[in-house]
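Predicted model only: the values in this text are computed from it and were never measured. The chains referred to below are lettered A, B, ... by the order of the sequence lines, with proteins before strands, and numbering in each begins at 1.
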Protein chains: 2
Amino acid sequence: MADSDSEEGLTREEMQQQEEVEPPPKRAKQDAFAKLMAPKPKSIPPPPKPPGSRPHLFKNRMALGAYIANPESYPASVVIYHNADFVVIHDKFPKATVHTLLLPRSPRHSLLHPFEALEDEQFLGKVKAEVEKLKVLVAGELQRRLGAFSRADASREAVLNGEADVLEGKVDEATEDGQDQDQDHGKGKSNRRNKEPALPSGRDWAAEIKCGVHAVPSMGHLHIHVLSRDMHSPAMKHRKHYNSFNTPFLVDVADFPLESSDFRRSSKDEGFMRRDLVCWRCGANFGNRFKELKDHLEREFEEWKRE
Amino acid sequence: MADSDSEEGLTREEMQQQEEVEPPPKRAKQDAFAKLMAPKPKSIPPPPKPPGSRPHLFKNRMALGAYIANPESYPASVVIYHNADFVVIHDKFPKATVHTLLLPRSPRHSLLHPFEALEDEQFLGKVKAEVEKLKVLVAGELQRRLGAFSRADASREAVLNGEADVLEGKVDEATEDGQDQDQDHGKGKSNRRNKEPALPSGRDWAAEIKCGVHAVPSMGHLHIHVLSRDMHSPAMKHRKHYNSFNTPFLVDVADFPLESSDFRRSSKDEGFMRRDLVCWRCGANFGNRFKELKDHLEREFEEWKRE
DNA sequence: TATTCCGATAGTGAC
DNA sequence: GTCACTATCGGAATGAG
Ligand SMILES: Nc1ncnc2c1ncn2[C@@H]1O[C@H](COP(=O)(O)O)[C@@H](O)[C@H]1O
Ligand SMILES: Nc1ncnc2c1ncn2[C@@H]1O[C@H](COP(=O)(O)O)[C@@H](O)[C@H]1O
Ligand SMILES: [Zn+2]
Ligand SMILES: [Zn+2]
């Protein structure tokens with residue numbers, strides 16, 4: 001995983017066409033004369049747009065297909081890795097500090113709705129295994145980005161560097177897991193101890209990572225979101241962005257296979273997206289006021305990265 | 001009536017206060033924990049705003065009172081004229097090329113709703129007479145501003161200047177009215193004719209002037225709008241501006257006294273304001289799309305002023 | 001149906 | 001619940017030594 005920051009403003013051109021004839025009367029109550037009296041509108045009712053022939057709609061929704069088809073054609077800042085069954089990319093519009101997408105390449109599953117695709121148990125098994133792999137990777141990337149701010153990591157580093165006693169840093173939990181690929185290659189200070197009965201474990205970065213699918217994806221190809229939970233990113237711009245990752249709209253991969261009666265199957269209708277905005281970290285309720293949530297998340301991020 | 005263009009951007013300062021506690025939950029469904037878990041919001045619920053003590057609300061609504069009380073303290077660009085019974089001003093936010101307000105000074109009527117105030121027949125008589133006076137003045141001001149573009153006026157001027165035959169210009173209607181205070185002081189060309197059986201009457205500018213009150217005024221002091229009907233002005237900024245002058249929401253002074261059963265008495269509730277936007281000149285319906293109406297009015301104005 | 005600022009909401013277009 | 005753009009809609013403040 002190399003750098004990221006895939007930031008590029010898409011330039012769009014547009015032509016403003018004035019002069020129309022009859023608007024779709026939202027709450028029509030125009031009298032019949034109006035139409036006859038309207039000489040100004042040069043009357044070019046834009047071809048009644050035959051639904052179905054919208055190339056761009058198809059193209060935009062199918063954008064993830066390009067990564068699946070030609071993963072090797074992208075730089076490391078876009079495609080993180082790929083193998084026979086999966087392509088892993090940085091989300092082009094990350095909604096959190098680290099936001100990746102796991103794209104299964106299986107043509108038999110790629111165009112299915114995630115709920116359906118993940119009913120295939122064998123396939124689900126592969127996906128879950130790859131998700132675990134990716135989760136470790138993402139946790140490592142998060143540590144690479146934010147580790148320098150972490151007090152928990154600092155405690156561990158201090159002990160490893162011999163700058164502090166094991167008793168100075170407050171022990172978070174018992175040391176158990178081992179996702180600490182710190183590259184302390186011999187540059188440890190001189191007075192390192194031999195017996196370290198309570199080396200601080202460092203921050204559990206993996207606990208900050210979420211893995212799931214959207215109940216109603218917009219992009220056509222099957223993809224699993226693997227992202228940090230901070231929701232701190234310039235691309236996180238509106239309520240749906242936030243709620244799509246902080247309500248049951250995001251279905252954890254661990255919850256699959258979904259029971260046929262699962263409530264997330266039926267309630268696809270906007271319900272989750274319309275929920276009040278609630279801070280994932282402290283539970284503060286912001287109603288519909290996205291801007292205030294956004295500002296709040298900025299401050300939460302500053303505290304969170306220092307944990 | 002001197003110049004106008006009372007254009008001045010009001011400067012406002014504002015202070016953004018972050019950090020709030022509990023939003024008014026639009027569609028509240030936050031659990032009880034949220035409140036307890038919210039340590040971040042520094043909890044300064046802005047003083048629950050005691051309703052009634054809003055000095056600025058009162059002041060803004062009463063702003064027209066200053067003209068009535070001290071008309072002499074304003075320049076001619078603001079107060080057009082004043083006498084014992086009336087003050088006439090340029091609307092500070094004109095919604096058309098020429099937009100004036102007739103302010104009756106009578107304390108017995110000034111704070112009444114216009115429907116009520118104009119039930120006093122003697123008072124109504126004075127108002128109607130003054131409105132007619134003002135209407136002529138406004139028509140003259142409109143001619144001063146736009147006369148140079150008018151083909152109808154040009155026809156008349158051409159004949160008066162001897163530049164054209166009376167038969168060249170197409171006769172609009174029979175010459176009858178006489179609101180033409182053209183200042184053709186002796187600079188007429190040499191070959192002016194004596195007998196002019198069909199001198200073009202010039203444009204009927206008074207026909208472009210509307211005089212009326214709003215069914216539900218916002219400003220507290222009684223005022224009658226006297227304005228050109230073009231709705232072409234930078235201050236004409238949203239739907240309510242337009243519909244307040246182009247629906248029955250504007251009640252013509254000539255319609256007074258209003259019958260007790262008049263439909264405009266009862267339907268004060270937003271009905272008129274919510275109507276589709278319809279061009280006053282050609283009847284084109286723009287639904288809710290104010291911007292398109294605005295652009296359309298720009299083009300209508302170019303044609304209209306050349307009539 | 002005062003103005004102004006700001007932000008939430010809604011529709012569109014994307015070759 | 002693609003993004004990006006525009007515009008509509010909606011509430012809150014408007015004061016001041
Ligand atoms: N061209 C693209 N390349 C990479 N990611 C994309 C692209 N377009 C959209 N996305 C992301 O794809 C995800 C689709 O979300 P969803 O379909 O709701 O699960 C969003 O997080 C987008 O930011
Ligand atoms: N301070 C002011 N001086 C002059 N006209 C004003 C002022 N404030 C508002 N107006 C105008 O007063 C009119 C009041 O409209 P209404 O109460 O709806 O009949 C509007 O046309 C405003 O533009
Ligand atoms: Zn919070
Ligand atoms: Zn028109």
Worksheet item: Which residues pass the salt bridge (Lys or Arg N to Asp or Glu O under 4.0 Å) test with E298(A), sequence neighbours left out?
Response: none

Worksheet item: Do H99(A) and F245(A) have ring centroids that are under 6.0 Å from one another?
Response: yes

Item to complete: Tell whether N60(A) reaches the base of dA14(C) with its side chain through a donor-acceptor pair below 3.5 angstrom.
Response: yes

Worksheet, complete the sentence: In terms of heavy-atom contacts, K240(A) and M273(A) come closest through O-SD, 3.9 Å

Discussion item. Applying a 4.0 Å non-hydrogen cut-off, can you work out what L57(B) is touching in the nucleic acid: base, sugar-phosphate, or nothing?
Written reply: base

Discussion item. Mind checking if K237(A) touches a base, just sugar-phosphate, or nothing, with heavy atoms under 4.0 Å?
Written reply: sugar-phosphate

Worksheet item: Using the P atom in both, what is the distance from dC5(D) to dC15(C), to the nearest Å?
Response: 13 Å

Worksheet entry | Side chain of R289(A) (C-beta onward), nearest among dA14(C), dA8(C), dT8(D) | dA8(C)

Response to the item:
Among the nucleotides dA2(C), dC15(C), dG1(D), whichever has the atom closest to the side chain of S218(B) is dA2(C)

Worksheet item: For R229(B), which residues count as a salt bridge (Lys or Arg N to Asp or Glu O under 4.0 Å) partner, sequence neighbours excluded?
Response: E208(B)

Discussion item. Going by salt bridge (Lys or Arg N to Asp or Glu O under 4.0 Å), name the residues that satisfy it together with D252(A), two or more places apart in sequence or in a different chain.
Written reply: none

Discussion item. Does a side-chain N or O of R239(A) approach OP1 or OP2 of dA8(C) to a distance below 4.0 Å, or not?
Written reply: no

Worksheet item: F86(A): what forms a ring pair (Phe, Tyr, Trp, His ring centres under 6.0 Å) with it, not counting sequence neighbours?
Response: none

Item to complete: Mind checking M273(B) for me? I need base, sugar-phosphate or nothing, with any heavy atom below 4.0 Å counting as a touch.
Response: base

Practice prompt. Not counting sequence neighbours, which residues clear side chain to side chain contact (heavy atoms under 4.5 Å, CB included) with L57(A)? List them please.
Written response: R54(A)

Worksheet item: Which of the following nucleotides, dT4(C), dC9(D), dA4(D), is nearest to the side chain of F93(A)?
Response: dA4(D)

Worksheet item: F290(B) side chain: which of dA2(C), dG1(D), dT8(D) is closest?
Response: dT8(D)

Worksheet entry | Nucleotide of dG7(C), dC3(D), dT4(C) approaching K291(A) most closely (side-chain heavy atoms) | dG7(C)

Worksheet item: Nearest to the side chain of R274(A) - dT4(C), dC3(D), dA10(C)?
Response: dA10(C)

Item to complete: Would you indicate what K294(A) reaches in the nucleic acid, counting non-hydrogen atoms under 4.0 angstrom: base, sugar-phosphate, or nothing?
Response: nothing

Fill in: Pair pattern of DNA chain C in dot-bracket, where unpaired bases get dots and | marks partners in another strand, Watson-Crick or G-U under 3.5 angstrom
.|||||||||||||.

Item to complete: Check every strand shown and say whether H214(B) touches a base, only sugar-phosphate, or nothing at a heavy-atom separation below 4.0 Å.
Response: nothing

Item to complete: Kindly point out which of dC9(D), dG1(D), dT3(C) is positioned nearest to the side chain of N288(B)?
Response: dC9(D)

